[in-house]
Structure formats: C-alpha cells, structure tokens
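Take a look at the structure set out below.
Atoms within each ligand, like the ligands themselves, are counted from 1 in listed order.
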Amino acid sequence: MPARPKALVTAPFRGPGLDTLRGIADVVLDPWIDHRPVRIYDAVALAERVAAEGADVLIVESDVVAGPVLDLELRAVGACRGDPTNVDVAAATARGVPVLRAPARNADAVAELTVGLLLAVTRGVVVADREVRAGHTYRDGTIPYQRFRAWEIAGRTAGIVGLGAVGRATRWRLQGLGMRVIAHDPYADDATHHLDDLLAEADIVSLHAALTPETHGMIGAEQLARMKDGAIFLNAARAELHDTEALVAALRSGRLGGAGLDHLPGEHIEPDHPLCALDNVVLAPHIGGATYDTEVNHSRMIVDGLVEFFAGGKPDNLVNPEVVS
Ligand SMILES: NC(=O)c1ccc[n+]([C@@H]2O[C@H](COP(=O)([O-])OP(=O)(O)OC[C@H]3O[C@@H](n4cnc5c(N)ncnc54)[C@H](O)[C@@H]3O)[C@@H](O)[C@H]2O)c1
C-alpha cells in the first residue's frame with residue numbers, strides 16, 4: 001500500500017475540500033496570498049520548497065510548476081484555476097504526473113461582480129457616494145434627484161459576448177433582474193446572435209469571451225459605433241478584448257452611456273489615465289474572481305479529483321487523462 005501522501009498547498013484552500021484533504025494526506029498549507037508582498041515561487045524556489053517539505057502532492061494557484069519541480073517524485077499536481085497556464089503540462093505528462101484543474105471555479109464570483117458593475121454604472125452609485133462624502137449632496141443649485149435619474153434595467157436587453165462559464169452565470173442573473181438576454185458565441189449552440197446584430201440590439205453589452213487571437217481587440221471603434229446610443233459597456237473578462245482608446249472616445253462623446261470594467265490594460269492604470277476622468281465609468285482592478293467561494297470551489301474540485309485518482313479512477317478535471325491507464 002502506498003504511503004500516506006504529503007501535500008504542499010501554496011494555494012488559498014478552505015472548506016470541505018480542505019477537510020477531506022486533511023483526511024487523506026498530511027497537509028502543509030502556506031497560501032501565496034497570505035504573504036506581503038505577494039509570494040509567487042518560480043520553478044527553482046518551488047522545487048526547493050517541495051523538497052524541503054518532502055511533499056509528493058503539490059497544489060498551487062500561481063506558482064510555476066515546471067523544470068526542477070517536475071524532476072521530483074510527485075504523485076499529483078493540483079492547479080487551482082480553470083486554465084493551468086502556470087504548469088508545464090507536457091513535462092508533467094512526460095513524467096506520468098496527473099495535473100488536476102478547477103474549471104469554472106470563479107464563474108459565480110465574476111457574474112456577481114458584473115451585476116454589481118452594471119448597477120453601479122446605471123445608477124451612478126460611485127459618483128453619488130463621492131458627492132455625499134464630499135458634502136456635495138446639493139451642488140450647483142440642484143438636489144440629487146435631479147442629477148441621478150436613470151433608466152431601469154428590467155425590461156431592457158443585455159447582450160452577452162462569450163457564453164462560457166461566466167457568461168452563463170451572468171445570463172440567469174440578468175434574466176432574474178427582468179432583462180431579456182441575447183448572446184453571441186460562435187462555439188455555443190444556444191448563443192442567439194451574430195456579434196453585429198447583438199451590438200445593435202443590446203442596451204447593455206457584457207464581454208465574457210476567452211482572450212484568444214480571434215477575440216483580441218474584437219470590440220473596436222467600428223463595433224462601438226454599432227452600439228445603441230446611451231448603451232452600457234461592461235468588461236469583466238480581459239481588457240485586451242476591447243480597444244481602450246476607442247472606448248474612451250465613445251464614452252467622452254456621450255455616444256455610450258457608461259462602462260464598467262474589471263480588467264485594466266496592463267492590470268494597472270495611472271490616475272491621469274483618461275478612464276479615470278470619466279464619471280460614467282466604474283473601474284475595478286481584476287477582483288471579479290476574488291471571493292472565498294472561489295477558494296471553496298477550487299479546493300473541492302482539486303480534492304475530489306485527488307480522491308478519485310488515488311482510488312484508481314480517472315477524474316473529469318484531469319488535464320492530462322493520458323497519464324491514467
Ligand atoms: N474578472 C475576473 O477576475 C475574471 C475571472 C475569471 C475569468 N475572467 C475572464 O472571463 C472570461 C470568461 O471566463 P470563463 O471562465 O467563462 O471562460 P470559458 O472558457 O468558460 O468561456 C469563454 C467563452 O468564450 C467563448 N468564445 C471564444 N471565442 C469567442 C468569440 N470569438 N466570440 C465570442 N465568444 C467566444 C468560448 O466559446 C467560451 O464559451 C475570460 O476572458 C476570462 O479570462 C475574468
């Protein structure tokens with residue numbers, strides 16, 4: 001009988017998945033996210049840590065699993081993300097090491113933030129908060145009711161671009177808020193619209209497509225010009241999906257009603273960036289997936305996969321099923 005596994009977990013890990021892992025393995029839990037400044041191991045540093053702990057199961061979120069890490073005697077690697085870009089899967093496969101992933105772990109989290117951005121944009125919540133705090137409730141001879149009137153979202157049309165895990169989690173939420181939801185996704189059978197038709201029909205356009213060579217810059221000046229006057233643009237996916245300069249121009253001119261963005265060019269913009277000067281824009285710094293539930297979800301998915309693998313099965317979330325006979 002193989003020895004009890006020893007798991008080094010450098011991902012944030014919690015909930016029933018962690019409890020189960022403690023039942024089947026000795027666990028060293030040292031999440032990268034608990035370190036200030038943030039600690040991301042490169043392959044050499046991670047290999048040293050794995051060796052020092054004597055671990056044979058490795059569960060990571062952002063650390064680099066490649067080269068010397070895969071020269072160690074690992075029984076399994078868990079990558080707490082949908083797309084384990086931080087793991088050299090080919091090398092793991094060559095060494096017969098199973099790699100588990102956690103697809104859609106943060107779909108609900110991003111969908112909730114998308115709804116939050118939508119309501120914050122349409123109702124001017126951020127500007128209202130700023131004015132209240134600054135003592136400007138009555139400014140320029142007006143009362144707030146005069147300045148903050150808006151259209152409601154119920155009864156309006158939302159266009160979802162990218163009907164994957166987040167797009168679907170967003171769709172039912174918007175439907176629940178009374179919206180008619182249309183969708184564009186060349187790879188989803190139930191997507192209803194071509195992109196141009198969606199842009200022309202939607203009061204709110206929300207991007208949830210994967211970033212690929214095909215989708216990079218898919219929303220440029222031409223696409224923004226197709227959107228309805230006063231429409232709202234949301235992107236809680238990747239900034240590279242849209243042309244930021246063209247978006248700024250469309251917002252500045254008043255053609256678009258507003259925008260909510262959870263991903264910024266280069267992950268960070270300076271305070272003098274044109275987006276920061278626009279009151280009809282709500283900005284968030286890539287926090288869509290940042291919920292404790294995301295961590296509960298990936299912990300459960302990775303550990304369910306490990307349990308099945310150790311029992312001789314072939315888990316659904318194996319990235320390299322060919323390593324299991
Ligand atoms: N803000 C955040 O914190 C956060 C967190 C997780 C994911 N994301 C981003 O959200 C997006 C969606 O993530 P997901 O987990 O739903 O991924 P997913 O892979 O489940 O869905 C992506 C969808 O994009 C579709 N797609 C591909 N090419 C397309 C095209 N040309 N036009 C329209 N759709 C196209 C795919 O068919 C797929 O359905 C990704 O860009 C991802 O990087 C952001």
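- Under 4.0 Å is where a charged nitrogen must lie from a carboxylate oxygen, and between D140 and R147 no such pair does.
- Residue N106 has no N or O atom closer than 3.5 Å to an N or O atom of ligand 1.
- Of all the atoms in ligand 1, the ones that sit under 4.0 Å from a non-hydrogen atom of H286 are 1 (N), 2 (C), 3 (O).
- Across L264 and P285, no two heavy atoms sit closer than the pair CD1-CA, 4.4 Å.
- In the displayed structure, R133 atom CZ is contacted under 6.0 Å by at most 12 heavy atoms of other residues, nucleotides or ligands.
- Among all protein heavy atoms, the one lying closest to atom 20 (O) of ligand 1 is A165 N, 2.9 Å.
- Close approach of ligand 1 to Y187 is summarised as follows: ligand atoms under 4.0 Å from at least one heavy atom of the residue are 27 (C), 28 (N), 37 (O).
- Contacts between E214 and ligand 1, counted as non-hydrogen atom pairs separated by less than 4.0 Å, involve the side chain only.
- Considering only non-hydrogen protein atoms, atom 36 (C) of ligand 1 sits nearest to D185 OD2, 3.4 Å.
- Separating the NE2 atom in H184 from the NE2 atom in H193 is a distance of 11.5 Å, to the nearest 0.5 Å.
- Side-chain contact annotation: T93 with N320, donor-acceptor N/O pair under 3.5 Å present.
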Using distance only, find each side-chain donor-acceptor pair of residues 220-232 under 3.5 Å and give its atom names and separation, not counting sequence neighbours.
| unit_1 | atom_1 | unit_2 | atom_2 | d |
| --- | --- | --- | --- | --- |
| E222 | OE2 | R226 | NH2 | 3.3 |
| Q223 | OE1 | G220 | N | 2.8 |
| R226 | NE | D196 | OD1 | 3.2 |
| K228 | NZ | D203 | OD1 | 3.0 |
| D229 | OD1 | R255 | NH1 | 2.5 |

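- Atom CD1 of residue I182 and atom CZ of residue R171 lie 12.0 Å apart, to the nearest 0.5 angstrom.
- Those atoms of ligand 1 that come under 4.0 Å of a heavy atom in T215, given as number and element, are 28 (N), 29 (C), 30 (C), 31 (N).
- Residue H184 touches ligand 1 through backbone and side chain together, judged by heavy-atom distances below 4.0 Å.
- Interface atoms of ligand 1 facing D262, defined by a heavy-atom separation under 4.0 Å, are 1 (N), 2 (C), 3 (O).
- Taking 4.0 Å as the cut-off between side-chain N and carboxylate O, D26 and K6 do not count as a salt-bridged pair.
- The pair R14-D19 does not meet the salt-bridge criterion, since no charged nitrogen lies less than 4.0 angstrom from a carboxylate oxygen.
- Looking at D190 and R168, a side-chain N of the basic residue comes within less than 4.0 Å of a carboxylate O on the acidic one, giving a salt bridge.
- Nearest to atom 8 (N) of ligand 1 among the protein's heavy atoms is R238 NH1, 4.0 Å.
- The shortest N/O to N/O separation between V110 and ligand 1 does not fall below 3.5 Å.
- An N or O contact shorter than 3.5 Å links G289 to ligand 1 by distance.
- Side-chain contact of H35 with D30: a donor-acceptor pair under 3.5 Å is present, judged by distance alone.
- Of the protein's non-hydrogen atoms, the one nearest atom 34 (N) of ligand 1 is G162 CA, 3.5 Å.
- Close contacts of ligand 1 with M218, meaning ligand atoms under 4.0 Å from a residue heavy atom, involve 32 (N).
- Within the 4.0 Å heavy-atom criterion, the part of L163 lying near ligand 1 is the backbone and not the side chain.
- Residue L241 has no nitrogen or oxygen atom sitting less than 3.5 Å from a nitrogen or oxygen atom of ligand 1, judged on distance alone.
- Protein heavy atom nearest atom 40 (C) of ligand 1, with residue, atom name and distance: A209 O, 3.4 Å.
- A salt bridge links E61 with R105: at least one charged nitrogen is closer than 4.0 Å to a carboxylate oxygen.
- Protein heavy atom nearest atom 32 (N) of ligand 1, with residue, atom name and distance: P186 CD, 3.3 Å.
- In this structure, atom 17 (O) of ligand 1 has no protein heavy-atom contact shorter than 4.0 Å.
- For the pair R95 and E73, the salt-bridge criterion is not met [side-chain N within less than 4.0 Å of a carboxylate O].
- At a threshold of 4.5 Å between non-hydrogen side-chain atoms, the residues S62 and R81 count as touching.
- Nearest to atom 13 (O) of ligand 1 by heavy-atom distance, out of L198, V166, L211, is V166.
- Here the shortest heavy-atom distance to atom 10 (O) of ligand 1, taken over A169, A111, A237, belongs to A237.
- Looking from atom 22 (C) of ligand 1 to the surrounding protein, the closest heavy atom is A210 N, 3.6 Å.
- When only non-hydrogen protein atoms are considered, atom 44 (C) of ligand 1 lies nearest to A236 O, 3.3 Å.
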